[in-house]
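Quick notes on the structure that follows.
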Amino acid sequence: MHAAAAPPGASRGIAIVGVHKSFGMTKALNGCNFSASLGEIHAIVGGNGCGKSTLAKVISGVVPFDSGQVSVLGRSPAAPHEARAAGVATVFQEVLVADDCSVLENLYVGSDALWSRSFSATEKYEAANALMRELTGIPIDPEMLVGLLPLGIKQWITIGRALLCKPRVLILDESSAALDLDSTERLFAKMRELRDAGAAVIIVTHRIAELIRVCDRATVLRDGRDVGVLEKSEITEKNLLRLMTGRAESAEAGRSGSAPTRRGEVVLKARDLKIWPGGAPVNWQLRQGEILGVAGLDGQGQSEFVRILAGVDPALHSTPQVRDGNGHFFDVQDLKEAVRHGISYVSGDRKREGIFANLSIFENLLMPLYRRKARAGRLAVIDWGGLIGTFDWEVERLAIRMGERSNKITSLSGGNQQKVLIARAFALNPSILVLNDPARGIDVGAKAELYKHLRDFASLGKSVVYLSSEIEEFVGFCSRVIVFRNGSIFDQFSGEEIHPTLILEAMFGQVRPGHHPTDTVLNDSKEIETMKISDYDAEGKQRREGGSDAWKVKTSAYPNFDTPAKKPENPTALLVNDAAGVAPNPASTKPRVVDFNQDSAVTLDRMADRREQTTPNLTARPIKIVEFGQDRSSSRSDAATGANPRIKIIDFDALERQQAKK
């Protein structure tokens, strides 16, 4: 099976020459050639089922090849442990984690020998804590069960597991598919860091924007063969699609023309819908013939929103309502009710919520139709002839590449598995399609076809809710886009306003000039108070040194509530908001002086003295002091760095009333 002689250039990195690999009658690789050098980021590109993932698995020793030559850093790995010993780490397309184990256990699985440990428990804990904070940008408890974490964090765990090996060759098979824009940027930075350190990074991806921005070279596959290698300056969507399909056509074709416009009656709506405990209520409507885009950074509530619309998860308060054919609205209490009223849902997490891995392609696509296609009354004899006709139609319409329909769905590539889920939703003949990142893992040509099918679907007077982590998908395709932030709708765009830059700015909390988000998405009925935060020690020192005692105020209606409150670098004053994420009502603003004092054991007398000595002349109601610190022994330096801040609010009037009662 393995050739004795190493391919030319093998010692410099990876060399694949004339490799063949078949699965039954399916030829996954048919004389494929590939080479990658250390110190570069190299992409493997191609349509669904072209052999990309198979090639990655051959390099990592997971799949044995039938014939040809393979050399990875001078070796020919025949098993995963051999590839790992050679310095190869692979992050596979499926998010491979053990939900019942902790983050720490998932990161270090396979790192220890049977009778020895690579690191002590303390070293592992500290390394896992630091790595997950670096990768995700947020603190993740290493002892937390992975099953409680969202898909994006699980993907970071698989990436972190590979990075802990300190690989010389890192293979990423669609690893950014489960990541949002911000997380993808952090992944790019890590990839460049590895490349600059002399490692080879091989990525398998369908995201054209990623290829253009981060790759040094790209090898294109078609039907199990390599059909071209593009240098960085040549990596464009036009060139990639020309090699992938043999014709020059882009995903823009599927989005060309004017986006569908709202023209029908309201078919789905939500009023005072609460997604998060602290989030603002969502008031929203979907109309006939509309394609609604849903965007937001990872973990901002948009995924929960579409799942609530489809009846997959309940809301904290209120329920969505769907309109039937007679114009009456009914609550969407659960998934069964949603399906009964014509709502179909497609999940981007196909492994957990989409496919039945032990069933056939046919069963996965048509199982929901068994009851509908039954005949003979209570005997419920399934009309197999009708089902086969539906199956063939959907497979042809979505160009699903497959062998026999009786083959298990796991025999398909990830992109073709996703197409089966989309075909299942179309087969139900719904009036509303709710899609949760449906294009994750499918190639650019398949995306163009999907856009076309969804536009045709909307042209029939039906409606689409389309969540995507790729904001470029919305342009020319959606009639309206809503952006989620802090568990509620932050902004919305329609018509010519749908532009990647504007959507991206809204995702990061930027307000458009002359536009107030509360005009359309926030509830201003609640009275909002504003606090003034000051550092008394800095002000006192400034006055003692003869400085000005003027109070500088930064008047920002939308401060950043995502980062922990901390002592400002310029300790003067800052206007913030009592209710995170909601703009203050200028008519009801009531300033309060808030002191950064690190000693948590402050007495009422000491606070009163401090108030009399340092409080500026403000027309304020009861003064509140906010204590920032981790515990009673925390130092002021901890507050300055913002390390794990804790907020303690003390109301003088309440304390005085309490003391008077005693």
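Bear in mind that the values here come from a model prediction, so they are computed numbers and not experimental data.
The aromatic rings of F477 and Y451 sit tilted, their planes meeting at an angle between 30° and 60°. Relative ring orientation between F330 and H341 is described as parallel, the plane-to-plane angle staying below 30° on a 0-90° scale split at 30° and 60°.
Taking each heavy atom of L29 and C32 in turn, the nearest pair found is CD2-CB, 4.1 Å. Closest of all the heavy-atom pairs between S183 and W156 is O-CZ2, 3.2 Å. The two atoms that bring G18 and N33 nearest to each other are N-OD1, 2.8 Å, heavy atoms only. Shown here for A218 and V45, the closest heavy-atom pair between the two residues is CB-CG2, 4.2 Å. In this structure, A162 and V91 approach most closely via the heavy-atom pair CB-CG2, 3.7 Å. In terms of heavy atoms, A98 sits closest to N106 at N-OD1, 2.7 Å.
Between I14 and L38, every side-chain heavy-atom pair lies at or beyond the 4.5 Å cut-off. Side-chain contact between V146 and I157: present, with at least one pair of heavy atoms (C-beta onward) separated by less than 4.5 Å. Inter-residue side-chain proximity for Q418 and L421 is flagged as met; some heavy-atom pair is nearer than 4.5 Å. Side-chain contact between L369 and L428: present, with at least one pair of heavy atoms (C-beta onward) separated by less than 4.5 Å. The side-chain heavy atoms of R455 and V464, taken from C-beta on, include no pair separated by under 4.5 Å. With a 4.5 Å cut-off on side-chain heavy atoms, L230 and L243 count as touching. When side chains are defined from C-beta on, Y370 counts as touching L387, because their heavy atoms get closer than 4.5 Å. Residues I44 and L221 are in side-chain contact: their nearest non-hydrogen atoms beyond the backbone lie under 4.5 Å apart.
Of the possible donor and acceptor atoms, one in the side chain of R186 sits under 3.5 Å from a partner among the backbone N and O of L135. Under the 3.5 Å distance criterion, the side-chain polar atoms of D226 are left unmatched by any main-chain donor or acceptor of G228. With Q302 contributing its side chain and G296 its backbone, the two residues share a donor-acceptor pair below 3.5 Å. Side-chain atoms of K57 never come within 3.5 Å of backbone atoms of V63 as a donor-acceptor pair (strictly under, hydrogens ignored). Panel note: side chain N416, backbone I400; no donor-acceptor pair is recorded below 3.5 Å. No donor-acceptor pair under 3.5 Å is formed between the side chain of S360 and the backbone N or O of K408. Using a distance-only test at 3.5 Å, with no hydrogens or angles considered, a donor-acceptor pair links the side chain of R424 to the main chain of G354. Here the side chain of Q417 pairs a donor or acceptor atom with the backbone of L412 at under 3.5 angstrom. Formation of a donor-acceptor pair under 3.5 Å by the S60 side chain with backbone atoms of A56 is found in this model.
Salt bridge E82/R75: absent, no basic N to carboxylate O contact under 4.0 Å. Ionic pairing of R340 and E337 is present here: one or more N-O contacts between side-chain nitrogen and carboxylate oxygen are shorter than 4.0 angstrom. Checked for salt-bridge contact, E353 and R307 meet the test: a charged N lies under 4.0 Å from a carboxylate O.
Among residue pairs with one or both ends in residues 148-159, those qualifying as salt bridge (charged side-chain N to carboxylate O under 4.0 Å, His left out) are D99-K154; sequence neighbours excluded. Among residue pairs with one or both ends in residues 18-32, those qualifying as salt bridge (charged side-chain N to carboxylate O under 4.0 Å, His left out) are K21-D66; sequence neighbours excluded.
Side-chain polar atoms of S468 and E473 form a donor-acceptor pair below 3.5 angstrom. Remark: the D456 side chain and the S459 side chain contain no N/O donor-acceptor pair separated by less than 3.5 Å. Side-chain atoms of T158 and R161 include no donor-acceptor pair closer than 3.5 Å. Side-chain contact check for D173 and S53: at least one donor-acceptor pair (N or O, by modelled atom type) lies under 3.5 Å.
Between atom CD1 of residue I41 and atom NZ of residue K232 there is a gap of 8.0 Å, rounded to the nearest 0.5 Å. Rounded to the nearest 0.5 angstrom, I202 CD1 and K52 NZ are separated by 14.5 Å. Distance check: Y466 OH to C478 SG gives 8.0 Å after rounding to the nearest 0.5 Å. Atom CZ of R217 sits about 6.0 Å away from atom CD of E231, to the nearest 0.5 Å. Separating the CG atom in D216 from the OG atom in S37 is a distance of 10.0 Å, to the nearest 0.5 Å. In this structure, the separation between CD1 on I291 and CG on L454 is 6.0 Å, given to the nearest 0.5 Å.
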Q. Going through the checks in order, is the side-chain contact (heavy atoms from CB on, under 4.5 Å) test met by V465 and L286?
A. CA-CA 8 Å; V465 177; L286 178 72; 3.7 Å; yes

Q: Decide yes or no on side-chain contact (heavy atoms from CB on, under 4.5 Å) for I59 and F34, but give the supporting numbers first.
A: CA-CA 10 Å; I59 297 172; F34 173 78; 4.0 Å; yes

Q) Checking side-chain hydrogen bond (donor to acceptor under 3.5 Å, both in side chains) for the pair S347/N436: CA distance, chi angles, key distance, verdict? A) CA-CA 5 Å; S347 172; N436 191 344; 5.3 Å; no

**Q.** L268 and L309: CA distance, side-chain angles, deciding distance, side-chain contact (heavy atoms from CB on, under 4.5 Å) verdict
**A.** CA-CA 8 Å; L268 187 63; L309 294 182; 4.3 Å; yes

Q: Would you please test V201 and V169 for side-chain contact (heavy atoms from CB on, under 4.5 Å) and show each step?
A: CA-CA 6 Å; V201 180; V169 175; over 6 Å; no

Q: Would you please test R350 and D437 for salt bridge (charged side-chain N to carboxylate O under 4.0 Å, His left out) and show each step?
A: CA-CA 11 Å; R350 58 179 172 269; D437 215 358; over 6 Å; no

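With sequence neighbours excluded, no residue satisfies ring-ring contact (aromatic ring centres under 6.0 Å, His included) with F188.
The environment of E234 atom CD is dense: over 12 non-hydrogen atoms of other residues, nucleotides or ligands sit within 6.0 angstrom.
Outside the 6.0 Å centre-distance limit, the rings of F65 and H20 are not counted as a close aromatic pair.
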